[in-house]
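Values below: all heavy atoms of this structure, side chains included; hydrogens, waters and symmetry mates excluded. When a residue number appears, it is its place in the shown sequence, counting from 1. Quantities reported herein were computed from a predicted structural model and do not represent experimental measurements.
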Amino acid sequence: MALPPQDERTLPAVVLRDVDRRPLEQALAEMQTLVEHHGHVIVVCSQAAPTAVQRRLHTLRSLMESDRIALFRPDLPPLGLAVLARQLRQLASCDISPGVLASAGRLLVHYIHAGALLNSVARLDRVPVGLKSHAKSWVPGSQFGVLAHPEPQLVKIAPEATLTGPEFGTWMLVAKGQLQSDWVTGTLAPSWKVQGLREIPLPAESPAWWGTGKLIEFCSYLPDLSVLYQLVTSVRRTRCHWCGIDVIGDRCVFCSAMPPVHDSPPLKQLENRTAVG
């Protein structure tokens with residue numbers, strides 16, 4: 001799901017539709033065109049995507065023998081994934097190098113709170129659910145507030161029910177499925193002190209991810225480009241020893257190289273140095 005632009009600077013998204021169903025030659029030609037036009041490509045893919053999609057993406061990258069394609073698969077529900085992709089689109093308009101931009105996803109994911117209001121958790125297998133909650137889910141009229149990220153939480157909806165939210169100012173997106181309730185907008189959003197709230201259509205993948213179509217998905221996030229930019233640029237950068245690109249963190253997001261491990265000096269050398277000292 002490609003969210004509409006957050007502001008006038010947000011770059012458009014390219015959706016790789018049916019990447020696993022189309023002929024390999026077509027998908028390869030599309031990826032080559034993207035790399036030639038933009039220089040580098042960051043592919044944001046859900047961990048819940050079919051295995052065939054993941055295999056096809058790795059196949060395309062291998063066939064192109066390119067270190068200019070980064071595959072990023074954060075563990076987020078559909079709406080949270082769409083929010084993260086839009087944040088990267090916002091940052092793409094700034095003077096940030098491709099390696100730092102691709103690495104930024106690992107940083108920004110920690111500032112996303114994503115969950116849903118469900119009528120049942122009987123088929124929810126992506127968030128830990130106890131037997132007691134499973135039993136309650138069969139009671140007619142039961143509803144559950146579930147936070148999938150950053151820390152799994154599950155509560156049965158009651159007057160005092162709440163979920164632990166962010167300790168910083170955020171906006172909230174709400175996507176309504178086949179469930180009627182004002183708990184998210186009337187109770188959760190005020191308790192999280194969100195600074196703004198918008199409703200959007202439910203992502204097509206959400207019912208399968210949450211195990212039910214009777215849900216209301218929500219996600220709180222940092223909307224301001226200036227804040228996102230400050231977060232990313234304040235982190236120490238390193239240069240990949242293999243491909244030479246600047247990144248955040250240890251592993252290069254394009255060539256997957258790790259920093260070289262320097263062997264420890266032999267024990268006898270350490271003893272000699274100690275004796276000399």
Which heavy atom in [X] sits nearest to a heavy atom in [Y], and how many Å separate them?
X: Cys94; Y: Leu225; value: SG-CD1, 3.8 Å
X: Trp210; Y: Pro77; value: CZ2-CB, 3.6 Å
X: Thr185; Y: Pro190; value: O-CD, 3.5 Å
X: Gly211; Y: Arg123; value: O-CB, 3.5 Å
X: Pro152; Y: Val127; value: CB-CG1, 3.9 Å
X: Ala27; Y: Leu60; value: C-CD2, 3.9 Å

**Message:** If the condition is side-chain contact (heavy atoms from CB on, under 4.5 Å), which residues does Thr33 pass it with, not counting sequence neighbours?
**Reply:** none
**Item:** For Asp125, side-chain contact (heavy atoms from CB on, under 4.5 Å) partners two or more places apart
**Value:** none
Same cluster or not: are [X] and [Y] linked, directly or through other Ile, Leu, Val, Met, Phe, Trp or Tyr residues, by side-chain heavy atoms under 4.5 angstrom apart?
X: Leu81; Y: Val53; answer: no
X: Leu76; Y: Leu3; answer: yes
X: Ile69; Y: Val247; answer: no
X: Leu34; Y: Leu88; answer: no

**Item:** ILVMFWY clustering at 4.5 Å (side-chain atoms), partners of Leu147
**Value:** Leu117, Val155, Ile157, Leu163, Met172, Val174, Leu179, Trp183, Val184, Leu188, Trp192, Val194, Leu197, Ile216, Phe218
**Message:** Going by side chain to side chain contact (heavy atoms under 4.5 Å, CB included), Asn119 matches just one of Gln178, Lys214, Gln180. Which one?
**Reply:** Lys214
Counting only pairs under 3.5 Å, give me each side-chain donor-acceptor contact of residues 199-207, with atom names and distances, residues two or more places apart or in other chains.
| unit_1 | atom_1 | unit_2 | atom_2 | d |
| --- | --- | --- | --- | --- |
| Ser206 | OG | Pro203 | O | 3.4 |
| Ser206 | OG | Glu217 | OE1 | 2.5 |

**Message:** Run the salt bridge (Lys or Arg N to Asp or Glu O under 4.0 Å) test against Asp246 and tell me which residues pass, sequence neighbours left out.
**Reply:** Arg239
**Message:** Run the salt bridge (Lys or Arg N to Asp or Glu O under 4.0 Å) test against Arg198 and tell me which residues pass, sequence neighbours left out.
**Reply:** none
**Request:** Tell me, with the steps shown, if Gln153 and Val146 meet side chain to side chain contact (heavy atoms under 4.5 Å, CB included).
**Result:** CA-CA 6 Å; Gln153 298 178 51; Val146 183; over 6 Å; no
**Asked** Got a sec, which residues hit side-chain hydrogen bond (donor to acceptor under 3.5 Å, both in side chains) with Arg22, two or more places apart in sequence or on another chain?
**Response** Glu30
**Message:** Run Val41 and Met31 through side chain to side chain contact (heavy atoms under 4.5 Å, CB included) and show every step you take.
**Reply:** CA-CA 8 Å; Val41 173; Met31 186 66 74; 4.2 Å; yes
For the [atom1] atom of [X] and the [atom2] atom of [Y], what is their distance to the nearest 0.5 Å?
X: His149; Y: Arg126; atom1: NE2; atom2: CZ; result: 14.5 Å
X: Arg237; Y: Ser97; atom1: CZ; atom2: OG; result: 5.5 Å
X: Gln87; Y: Leu101; atom1: CD; atom2: CG; result: 11.5 Å
X: Leu231; Y: Leu222; atom1: CG; atom2: CG; result: 6.5 Å
X: Leu91; Y: Ile96; atom1: CG; atom2: CD1; result: 4.5 Å
X: Ser220; Y: Leu173; atom1: OG; atom2: CG; result: 9.5 Å

**Request:** Would you mind listing every ring pair (Phe, Tyr, Trp, His ring centres under 6.0 Å) that reaches into residues 49-107, with sequence neighbours excluded?
**Result:** none
**Request:** Only pairs at least two apart or in different chains count here, so list each ring pair (Phe, Tyr, Trp, His ring centres under 6.0 Å) that has a residue in residues 31-56.
**Result:** His40-Phe254
**Item:** Note, Gln195 side chain near Thr170 side chain (heavy atom, < 4.5 Å)
**Value:** no
**Item:** Pairwise side-chain contact, Met64 with Leu28, heavy-atom cut-off 4.5 Å (strictly under)
**Value:** yes
List the atom pairs, with distances to 0.1 Å, where a side-chain N or O of residues 106-115 and a protein N or O form a donor-acceptor pair under 3.5 Å, not counting sequence neighbours.
| unit_1 | atom_1 | unit_2 | atom_2 | d |
| --- | --- | --- | --- | --- |
| Arg106 | NH1 | Arg251 | O | 3.1 |
| His110 | NE2 | Arg106 | O | 3.3 |

**Message:** The test is side chain to side chain contact (heavy atoms under 4.5 Å, CB included); show your working for Thr212 and Val121 and say whether it passes.
**Reply:** CA-CA 8 Å; Thr212 177; Val121 294; over 6 Å; no
**Request:** Report the C-alpha distance between Lys156 and Ser142 in whole Å, list the side-chain angles of each, state the deciding distance to 0.1 Å, and finish with yes or no for side chain to side chain contact (heavy atoms under 4.5 Å, CB included).
**Result:** CA-CA 7 Å; Lys156 186 176 185 298; Ser142 296; 3.8 Å; yes
Would you tabulate the side-chain donor-acceptor contacts of residues 43-51 under 3.5 Å, counting partners in other chains and residues two or more places apart, or write 'none'?
| unit_1 | atom_1 | unit_2 | atom_2 | d |
| --- | --- | --- | --- | --- |
| Ser46 | OG | Ala48 | N | 2.9 |
| Gln47 | NE2 | Arg73 | O | 3.0 |

Report, one line per pair, each donor and acceptor closer than 3.5 Å where one atom sits in a side chain of residues 6-20; sequence neighbours left out.
| unit_1 | atom_1 | unit_2 | atom_2 | d |
| --- | --- | --- | --- | --- |
| Gln6 | OE1 | Arg86 | NH2 | 3.0 |
| Asp7 | OD1 | Arg9 | N | 3.0 |
| Asp7 | OD1 | Thr10 | N | 3.0 |
| Asp7 | OD1 | Thr10 | OG1 | 3.0 |
| Asp7 | OD2 | Gln90 | NE2 | 3.4 |
| Arg9 | NH2 | Ser93 | O | 3.2 |
| Thr10 | OG1 | Gln6 | N | 3.3 |
| Thr10 | OG1 | Asp7 | N | 3.3 |
| Thr10 | OG1 | Asp7 | O | 3.4 |

